[in-house]
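Have a look at the structure below, then the notes.
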Amino acid sequence: MFITDPEERKKLWMEAVTAVEYYYSQLPALPVTGSLNGEEIRSEIARFRFDKPIDRERVFDFVSRCFVTYNTHTISPKYFGLFDPAPASIAVAAEFLAAAINPQLSSWAQSPFAVEVERHLIRTFGQLFGYPESDSDGTFTSGGMEANHTAILTALARKFPAFPDEGVQGIPDQPILYASTESHHSIVKAARLCGLGDRAVHRIPVDRSLKMEVGSLRRQIEIDRGFGCSPFMLVGTAGATSSGAIDPLEDLAAVARSNDLWYHVDVAWGGAVAFSRRHRALLSGINQADSITIDPHKWLGIPRGVGTFLTRDKTIMNRTFAVRTAYMPRIPDDLARDPFCHSMTWSRRFSGLLVFFVMAVAGIEGYEAMVDRQMELGDYLRSELDIAGWEILNDSPLPVVCFTGKGVRASGKAYLEAIRDSVVASGEAWISITLLDARVPALRACITNSSTAKEDVDRLINALKLSSY
Ligand SMILES: *Cc1c(COP(=O)(O)O)cnc(C)c1O
């Protein structure tokens with residue numbers, strides 16, 4: 001379990017490598033979806049009683065086999081689902097290093113190198129989104145959910161200075177935040193976790209392009225003020241989860257400014273376009289956001305569990321999260337450097353190392369090439385669907401396409417589900433179904449994998465054709 005002999009340890013590391021390579025070698029021949037037989041899976045697992053030790057070879061063997069059999073292979077180039085990319089190999093190696101050395105990222109004094117690496121990356125990300133170097137702060141998070149939760153907490157602390165001490169009871173009127181009907185539901189969940197509840201989130205209707213309607217937003221703010229509520233935050237979405245819609249970020253910035261709202265932009269997956277000189281103008285206006293959610297574990301291909309929260313307010317993290325303790329190793333009077341006073345987590349792994357390795361080895365240009373390639377492949381997918389007679393329902397420039405059969409529209413949900421099931425059952429591709437504007441059912445295909453190629457798109461088009469007869 002805890003191996004001290006170096007030779008024996010190396011042998012173990014190699015067994016893990018062998019298990020990974022076994023899975024990777026099987027992947028090309030596997031249908032994208034494995035068995036979903038829950039009873040069978042539970043009975044396989046239940047054989048482990050943990051009442052006596054088992055040879056680790058057998059455990060490796062069991063786990064490898066189960067991953068091959070009982071898994072939706074989201075890292076396959078044939079997977080066109082939600083943003084679940086194959087992890088960058090170099091980041092997987094970095095994950096191993098981070099786990100083996102296991103630095104403690106709660107306090108600066110415990111792991112000064114790790115904390116400073118993350119601070120450097122947070123500033124670099126901030127600059128990619130147009131933040132000035134001197135005004136860039138933030139933290140690594142477990143994902144977009146935690147980053148959006150952090151955003152609401154910081155917004156509350158800024159607008160209602162009593163909030164960190166007194167909680168929601170320190171807020172005189174009903175606080176309200178705004179997000180579009182296409183925004184991610186982690187916003188609603190985060191509002192709940194902040195003690196505000198779902199109803200504190202006013203979801204603003206979208207226009208035909210599924211972008212937040214700015215006129216409706218302005219009217220809703222007026223109405224809420226009329227009822228004596230306290231609007232405190234506006235969330236723009238850039239790269240909506242379903243449709244890839246990008247809210248009008250400049251207009252939202254103006255509304256936030258004139259209403260004194262904390263302006264947060266959730267660009268969890270779409271944020272990767274900031275790495276591309278050709279495409280970053282899609283996010284123009286994002287530099288005016290008080291805070292940003294960008295998930296390295298989405299389009300940037302970092303293994304799961306790595307998000308980031310960026311802010312241009314240098315003091316808000318400490319105002320929101322700092323607590324005093326006697327037992328933590330501290331650098332006196334330098335609160336700003338201690339992650340436990342600077343984020344919602346306490347003990348945390350070195351997530352930043354995974355990003356550091358990719359950024360150092362591939363450079364920003366490595367991500368730029370990846371994003372440009374996937375944007376082009378998205379265009380190819382759109383044009384092939386069009387040629388094959390499908391009707392495209394979203395107009396996002398991002399590589400996510402929502403489509404339906406010509407003349408199918410709102411009534412055809414069951415028809416689309418049958419097509420989706422048949423495509424998935426073919427094993428040739430994995431696509432999903434979504435509802436646009438909560439009404440219009442659509443098939444959804446997204447280029448999530450950096451090694452997805454034109455041939456994979458062709459196979460998807462073919463599977464769709466065979467499924468729609
Ligand atoms: C995925 C996603 C989230 C949630 O992020 P997790 O990393 O899954 O917690 C939030 N917002 C958007 C726009 C997303 O696409």
Side-chain angles (χ1 to χ4, degrees), residues 16-45 47 60-89 92 241-242 269 297-299 301 303-304 373-374 377-378 380-382 384-385 388 390 399-405 413-434 441-469:
V17 170
T18 305
V20 171
E21 287 302 328
Y22 170 74
Y23 178 85
Y24 280 32
S25 71
Q26 298 295 305
L27 195 57
L30 295 173
V32 191
T33 310
S35 160
L36 299 177
N37 183 339
E39 213 164 296
E40 191 178 293
I41 296 167
R42 283 186 292 275
S43 80
E44 285 269 8
I45 297 168
R47 293 191 290 134
F60 269 119
D61 189 58
F62 171 79
V63 170
S64 304
R65 194 166 47 75
C66 288
F67 271 136
V68 166
T69 315
Y70 306 118
N71 194 34
T72 298
H73 303 291
T74 54
I75 72 171
S76 160
K78 295 187 267 189
Y79 178 79
F80 295 88
L82 296 166
F83 242 98
D84 301 316
S89 316
V92 175
T241 309
S242 258
W269 72 265
H297 71 194
K298 293 268 179 81
W299 198 348
R304 240 181 277 293
R373 201 171 51 238
Q374 286 180 248
L377 202 56
Y380 178 70
L381 170 60
R382 264 185 285 274
E384 291 299 302
L385 284 168
W390 298 90
V400 55
V401 192
C402 302
F403 57 101
T404 187
K413 182 140 187 263
Y415 175 68
L416 296 183
E417 278 169 353
I419 294 177
R420 186 263 329 262
D421 291 347
S422 161
V423 168
V424 170
S426 77
E428 290 291 294
W430 197 100
I431 57 170
S432 57
I433 287 228
T434 190
L443 293 163
R444 179 186 181 284
C446 182
I447 311 284
T448 80
N449 190 304
S450 64
S451 55
T452 296
K454 279 190 169 173
E455 298 75 69
D456 299 300
V457 171
D458 296 341
R459 256 197 295 271
L460 165 61
I461 300 287
N462 196 44
L464 280 164
K465 188 167 142 202
L466 295 174
S467 304
S468 57
Y469 282 135

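Note that the structure is predicted; figures quoted are calculated from it, not measured. Values below: all heavy atoms of this structure, side chains included; hydrogens, waters and symmetry mates excluded.
Looking at heavy atoms from C-beta onward, L460 lies out of side-chain contact with E428 at the 4.5 angstrom threshold. Counting only heavy atoms from C-beta outward, the side chains of W390 and S468 approach each other to under 4.5 Å. In this structure, K454 and Y380 have side chains that are in contact, with non-hydrogen atoms separated by less than 4.5 Å. With contacts defined as side-chain heavy-atom distances shorter than 4.5 Å, the pair D84/H297 does not qualify. Proximity of T241 to F83: side-chain heavy atoms (C-beta onward) are nowhere separated by under 4.5 Å. Annotation: side chain of V457 is in contact with side chain of F80 (closest heavy-atom distance under 4.5 Å). Contact annotation: the side chain of F67 approaches that of V63 to within less than 4.5 Å [non-hydrogen atoms, C-beta and beyond]. Looking at heavy atoms from C-beta onward, V423 lies out of side-chain contact with W430 at the 4.5 angstrom threshold.
Classified by interplanar angle (parallel below 30°, tilted 30° to 60°, perpendicular above 60°), the ring pair H73/Y23 is tilted.
Here the side chain of S467 pairs a donor or acceptor atom with the backbone of A463 at under 3.5 angstrom. In this structure a side-chain-to-backbone donor-acceptor pair under 3.5 Å is present from D456 to A453. R444 contributes a side-chain N or O that, together with a main-chain N or O of G81, makes up a donor-acceptor pair within less than 3.5 Å. In this structure a side-chain-to-backbone donor-acceptor pair under 3.5 Å is present from S43 to E40.
The minimum heavy-atom distance linking I447 with Q374 is given by the pair O-NE2, 3.2 Å. Among all heavy-atom pairs drawn from C402 and T434, the shortest one is SG-CG2, 4.3 Å. The two residues I75 and P85 make their nearest non-hydrogen contact at CG2-O, 4.1 Å. Contact between K78 and G427 at its shortest, heavy atoms only, is NZ-O, 3.8 Å. For G405 against L416, the heavy-atom pair with the smallest separation is N-CD2, 4.3 Å. Here the shortest heavy-atom pairing between L377 and T452 reads CD2-O, 3.1 Å.
With 3.5 Å as the limit, one finds a donor-acceptor pair spanning the side chains of S451 and N449.
Within the model, atoms CG of N71 and OG of S35 stand 11.0 Å from one another, a figure rounded to the nearest 0.5 Å. With values rounded to the nearest 0.5 angstrom, Y22 atom OH is found 8.5 Å from R65 atom CZ. From S242, atom OG reaches atom CD1 of I433 across 11.0 Å, with rounding to the nearest 0.5 Å. A distance of 7.5 Å separates CZ of F60 from OG of S64, quoted to the nearest 0.5 Å. A distance of 11.5 Å separates OG in S450 from CH2 in W299, rounded to the nearest 0.5 Å. Rounding to the nearest 0.5 Å places CD1 of I461 at 4.0 Å from CG of L385.
Residues passing the salt bridge (Lys or Arg N to Asp or Glu O under 4.0 Å) test with R47 are E44, sequence neighbours excluded.
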Evaluate the criterion side-chain contact (heavy atoms from CB on, under 4.5 Å) for residue pair L464 and L443; output intermediate values, then yes/no. CA-CA 10 Å; L464 280 164; L443 293 163; 4.3 Å; yes
What's the verdict on salt bridge (charged side-chain N to carboxylate O under 4.0 Å, His left out) for K413 and E417, showing C-alpha distance, side-chain angles and the deciding distance? CA-CA 6 Å; K413 182 140 187 263; E417 278 169 353; 3.4 Å; yes
Pair T404-Y415, side-chain contact (heavy atoms from CB on, under 4.5 Å): steps then yes or no: CA-CA 10 Å; T404 187; Y415 175 68; over 6 Å; no
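Annotation: R304, atom CZ; neighbour count of heavy atoms from other residues, nucleotides and ligands within 6.0 Å does not exceed 12.
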